[in-house]
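Okay, so here's the structure we're looking at.
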2 protein chains.
Amino acid sequence: MQMDKRKKILESALKLFVEFGFHGTPTSKIAANAGVSNGTLFHYFGTKEELIKELYIAVKEELNSFLSSKINASDSMEEVFRKFYQHSIYWGLDNKEKFHYVQQVHFSPHIFQIPESVLQEQLQLHLGLIEQAKATKVIKNLPTNLVYTLMLSHVNGIYTYVLHLPANKRKAVIDDGFAMIWDMFTE
Amino acid sequence: MQMDKRKKILESALKLFVEFGFHGTPTSKIAANAGVSNGTLFHYFGTKEELIKELYIAVKEELNSFLSSKINASDSMEEVFRKFYQHSIYWGLDNKEKFHYVQQVHFSPHIFQIPESVLQEQLQLHLGLIEQAKATKVIKNLPTNLVYTLMLSHVNGIYTYVLHLPANKRKAVIDDGFAMIWDMFTE
DNA sequence: TATTTTATAGAGTGATTAGTCAATCTATAT
DNA sequence: ATATAGATTGACTAATCACTCTATAAAATA
């Protein structure tokens, strides 16, 4: 019941921040859009900055736990990579605003409000996976951060491209996209 | 003389927008930082939005003409691609704020203020090159936009990675990075 | 039931900001 | 020398915004 309003505020903030930007979105409009009063917004989030920050953390956590839910212990290393890759893109297509919001924060000064420890922790899932793949010689022995950064860029690139494609033509591109990047990191 | 102030305003806006964001940068601070009065800013730029837009266009034009200046008619197709790739990254490293600003605008609602025709025109240089390479069978026959998007993503990825690297270790990564992406698009 | 804590509302406030305006200055052209 | 156009200023304004405060209702706790 109480969390309901908190959630509604976050949803409204997401929608409005993506559409109008941080500047173009007054807290009053967020509250109105969420169907709560001005005061209620500040009851849940001490400042606008905190709202921006908590929204970012919540969205990234959602994506991470979504990805985790997609893999099983029996998956091969390549299968895990493929699933992470594919489901990142599918999740983005199903959650366009959230996907966009992450990048919006990333290229704004608000990124500096996110504690380094939080950013680091959200990376662990991916970095650990890459190190495991390197240790078992599944992928080439390149710096972990380089592999991560290039894979992330590739995901963003494919996402950007398929976004403007009719839905029925997306799968082929996404599948080919994985083959391309997988080639890049295997012998 | 007159253009001097206009230029100073653009320089100050770039610096402050990147550091404090659009929201966190009042026009008054831009004017003060540029050493001009409030009124002068609005003499050159009708609105804050227009300043954001003109700065974006100017930066992208600068990058494009920088890239154009690096190639000669005698270059092979592969040389042209390599130069575009390498010099995009080097230019970014030499102009971090500008490189960042382009992406900052891209993931903000201000991108919609840039006329589609301008965006399209700024792409022509790259798209034309890719089509030429496809026509002469230098690269695989993939959709032009896909090639462009993936190359751009790769450039951003490598840039992001080398940014946090000591300067003397960058060249090797950049060179390897080109080999990786070139492999991806050639047989 | 009585008491305390939490949730919600919404009017109010002080500060800030984008943009205006009238006045002055500078430069060039005639 | 005079006229004209553009450049520059900075005080001013109307609007907006983040956040506070007081009051009340609901819920949890004792």
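Proteins come first, then strands; the chains are lettered A, B, ... in the order of their sequence lines, and each starts at number 1. The shown structure was predicted, so the numbers you read here are calculated from the model rather than taken from an experiment.
- With distances taken from any side-chain atom of A:P26 to the nucleotides D:dA18, D:dT9, C:dA9, the minimum falls on D:dA18.
- Residue A:L51 contributes atom CG, which lies 15 Å from atom C1' of D:dC17 at whole-angstrom precision.
- Of all heavy-atom pairs spanning B:I9 and B:Y44, the tightest one is CD1-CD1, 4.0 Å.
- Cluster annotation: A:V105 is not connected to B:F107 through the hydrophobic network of ILVMFWY side chains, with a link wherever side-chain heavy atoms come within less than 4.5 Å.
- Of the options A:L67, A:V155, A:V80, A:D175, a side chain to side chain contact (heavy atoms under 4.5 Å, CB included) to A:Y85 is made by A:V155 and by none of the others.
- Comparing A:G39 and B:S28 by the nucleotide of DNA chain C whose heavy atom lies nearest to each, the residue mapping closer to the 5' end is A:G39.
- If you take CD1 of A:I30 and P of D:dC17, they are 11 Å apart, rounded to a whole angstrom.
- Side chain of B:K48, nearest nucleotide from C:dT17, C:dG19, D:dC19: C:dG19.
- Under the 6.0 Å cut-off for aromatic ring centres, B:Y56 and B:H110 do not qualify, their centroids lying 6.0 Å or more apart.
- Rounded to a whole Å, the CG atom of A:L41 is 13 Å from the C1' atom of D:dT20.
- Considering only the side chain of B:F42, C:dA18 comes nearest among C:dA18, D:dA18, C:dG10.
- Protein atom NZ of B:K8 is 17 Å distant from nucleotide atom P of D:dA7, rounded to whole Å.
- Per the geometry, CZ belonging to B:F45 stands 15 Å off P belonging to C:dT20, to the nearest Å.
- Of all nucleotides listed (D:dG10, D:dC19, C:dT8), D:dG10 comes nearest to the side chain of B:N38.
- For B:H43 and D:dA7, the shortest distance from a side-chain N or O to OP1 or OP2 is below 4.0 Å.
- In terms of phosphate contacts, B:T27 brings no side-chain nitrogen or oxygen within less than 4.0 Å of OP1 or OP2 of C:dT17.
- For the pair A:Y44 and C:dT6, the criterion of a side-chain N or O lying under 4.0 Å from OP1 or OP2 is not met.
- Residue A:K29 contributes atom NZ, which lies 18 Å from atom P of C:dG10 at whole-angstrom precision.
- Using a 4.0 Å cut-off, some side-chain N or O of B:K5 falls inside it from OP1 or OP2 of D:dT8.
- Phosphate contact (OP1/OP2 of D:dT8, side-chain N/O of B:T40, threshold under 4.0 Å): absent.
- Using a cut-off of 4.0 Å between Lys/Arg side-chain N and Asp/Glu carboxylate O, B:K15 and B:E19 are scored as not salt-bridged.
- As rounded to whole Å, 8 Å separates atom P of D:dC17 from atom NE2 of A:H23.
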